[in-house]
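For reference, the structure discussed in these notes is given below.
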Amino acid sequence: MDDLTDFVADPWAVAVPRRERVAVFSDGLDLCPAADGTLFHSAAALPASAGELLPVGCLGPDRLYVARASGVEGRSLRSVYPHASPAERAALGAARQRLQWVQDHAFCGRCGGPTQWYEHEYTLYCAYCDHRHYPRVSPCVIVAVHDGDWLLLGRSPRHPPDLWTLIAGFIEPGESAEAAVTREVQEETGVQLADIRYHGSESWPFPHQLMLGYSAQFAGGELRRAEDELEALEWFHRDSLPRVPGDWTIAGRLIKAFSEGSA
């Protein structure tokens, strides 16, 4: 997109937007590009079945909204991400998570009453019990475990059969992110770690994860694959890695850093 260089998750960050754009998703939360093939629709040219516009944030000087349209076909957001810019990925991920949040919290989890949008704050408000429901974010860890020139990779049943990736998992209540790294790797692979280092984070909207990326050194133990989590688990030399996620993902960037010797 032209001169859209950054995404800010605040719809009011730009007081007077240059234009209003809308990310349109199908009932199944697939992205529906505009008629000209661009990722975002003009607010004045939406599908006839598009519902309520929800504010999402700002893409450069533009204000971004999201809407769901019934009876339309879309593209999986995962298939769109590799070809989108970082700002577009952030914007689309935030938009999808807004829709998921509204869908999951149409009724109050405390009293069962209907919720409504609370203007100028990302909150769904219940007028019956005064409870506010904020968007859910689920923190996860993902870790590049290495032993010299060797990197530990697993193959998940949820991924294509030839795709290998890093060990990852959700942070449990009461855990630090570093404790979750140690526990997840131990549970899924049987190995111990040392020198755990944080590298960065990434929003991953499937449905609402925040991925925290780490690297760690192998510190002992024999591989013991968690069969309910992984179909395969192997060490790979940095010069002969299998198919791995693209470097538009945090997993791909961690793997690339390892292969280049900077992890």
Side-chain angles (χ1 to χ4, degrees), residues 77-78 81-82 84 86 89-90 93-94 96-97 136-263:
L77 198 55
R78 291 176 186 266
Y81 261 23
R89 288 196 295 271
R96 190 181 191 276
Q97 288 179 80
R136 177 178 178 182
V137 177
S138 301
C140 302
V141 293
I142 184 166
V143 54
V145 180
H146 55 88
D147 185 12
D149 289 332
W150 297 84
L151 180 68
L152 185 59
L153 297 174
R155 201 174 69 235
S156 167
R158 299 183 298 275
H159 295 155
D162 63 338
L163 183 69
W164 294 75
T165 190
L166 304 176
I167 304 304
F170 289 95
I171 300 175
E172 299 293 343
E175 272 188 326
S176 68
E178 291 73 19
V181 167
T182 299
R183 175 186 54 77
E184 281 290 342
V185 172
Q186 172 66 33
E187 289 177 353
E188 295 192 20
T189 74
V191 305
Q192 291 84 50
L193 302 177
D195 193 24
I196 297 172
R197 298 186 181 186
Y198 174 72
H199 286 266
S201 62
E202 175 183 68
S203 177
W204 190 246
F206 305 106
H208 36 61
Q209 283 94 295
L210 175 64
M211 306 297 296
L212 307 177
Y214 287 83
S215 67
Q217 292 182 4
F218 171 75
E222 296 186 6
L223 290 188
R224 186 183 67 251
R225 173 173 61 91
E227 296 183 359
D228 59 335
E229 294 283 348
L230 300 171
E231 290 186 338
L233 181 68
E234 292 185 28
W235 290 100
F236 290 89
H237 193 274
R238 72 170 74 241
D239 295 330
S240 57
L241 295 175
R243 181 191 172 204
V244 296
D247 59 12
W248 56 271
T249 67
I250 193 168
R253 291 192 294 275
L254 287 168
I255 293 170
K256 183 178 181 180
F258 166 77
S259 68
E260 296 176 347
S262 57

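Index from 1, following the sequence.
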**Request:** For side-chain contact (heavy atoms from CB on, under 4.5 Å), just list the numbers for Tyr198 and Leu212, CA-CA rounded to whole Å, side-chain angles, deciding distance to a tenth of an Å, and then say yes or no.
**Result:** CA-CA 8 Å; Tyr198 174 72; Leu212 307 177; 4.2 Å; yes
**Asked** Mind checking what makes ring pair (Phe, Tyr, Trp, His ring centres under 6.0 Å) contact with His159, not counting sequence neighbours?
**Response** none
**Asked** How long is the span from the OG atom in Ser156 to the CD atom in Glu229, to the nearest 0.5 Å?
**Response** 7.5 Å
**Prompt:** Residues two or more places apart in sequence or in another chain: which of them pass side chain to side chain donor-acceptor pair (under 3.5 Å) with Glu178?
**Reply:** Tyr214
**Message:** Suppose the criterion is side chain to side chain donor-acceptor pair (under 3.5 Å): which pairs have a residue in residues 231-255, not counting sequence neighbours?
**Reply:** Asp149-Arg238, Asp162-Arg243, Glu202-Arg253, Asp247-Lys256
**Message:** Just to verify, what does Asp195 make a side chain to side chain contact (heavy atoms under 4.5 Å, CB included) with, not counting sequence neighbours?
**Reply:** Arg197, Gln217
**Complete:** Contacts satisfying salt bridge (Lys or Arg N to Asp or Glu O under 4.0 Å) that involve residues 211-225 (not counting sequence neighbours) are none
**Prompt:** Closest heavy-atom contact between Leu254 and Gly213?
**Reply:** CD1-CA, 3.9 Å
**Prompt:** If you look at every heavy atom in Leu77 and Pro205, which pair is closest and at what distance?
**Reply:** CD2-CG, 4.3 Å
**Request:** Give, for atom OG of Ser203 and atom CZ of Arg89, the distance between the pair rounded to the nearest 0.5 Å.
**Result:** 11.5 Å
**Validation row: Cys140, Leu210 side chains within 4.5 angstrom (heavy atoms)** = no
Table please: side-chain donor-acceptor pairs of residues 163-176 below 3.5 Å, with sequence neighbours left out.
residue	atom	partner	partner atom	Å
Glu175	OE1	Glu172	N	2.9
Glu175	OE1	Arg183	NE	3.4
Glu175	OE1	Arg183	NH2	3.0
Glu175	OE2	Arg183	NE	2.5
Ser176	OG	Ala179	N	3.0

**Asked** Roughly how far apart are Ser215 OG and Leu193 CG, rounded to 0.5 Å?
**Response** 10.0 Å
**Asked** Got a second to check how far Arg158's CZ is from Leu230's CG, nearest 0.5 Å?
**Response** 8.5 Å
**Asked** Would Leu223 and Leu152 count as a side-chain contact (heavy atoms from CB on, under 4.5 Å) if you check the C-alpha gap in whole Å, the side-chain angles of each, and the deciding distance to 0.1 Å?
**Response** CA-CA 10 Å; Leu223 290 188; Leu152 185 59; 3.8 Å; yes
**Item:** Nearest atoms (heavy-atom pairs only) where Ala177 meets Val141
**Value:** O-CG1, 3.5 Å
**Request:** Apply side chain to side chain donor-acceptor pair (under 3.5 Å) to Glu184 and list each qualifying residue two or more places apart in sequence or on a separate chain.
**Result:** none
**Message:** To the closest 0.5 Å, what do you measure between CZ (Phe258) and CZ (Phe236)?
**Reply:** 11.5 Å
**Request:** Would you give the length of the straight line joining atom CG of Leu153 to atom OG1 of Thr189, rounded to the nearest 0.5 angstrom?
**Result:** 11.5 Å
**Prompt:** Are the side chains of Ile255 and Pro245 in touch, meaning some heavy atoms are under 4.5 Å apart?
**Reply:** yes
**Request:** Check side chain to side chain donor-acceptor pair (under 3.5 Å) between Ser138 and all other residues, then give those that pass, not counting sequence neighbours.
**Result:** Arg136, His208
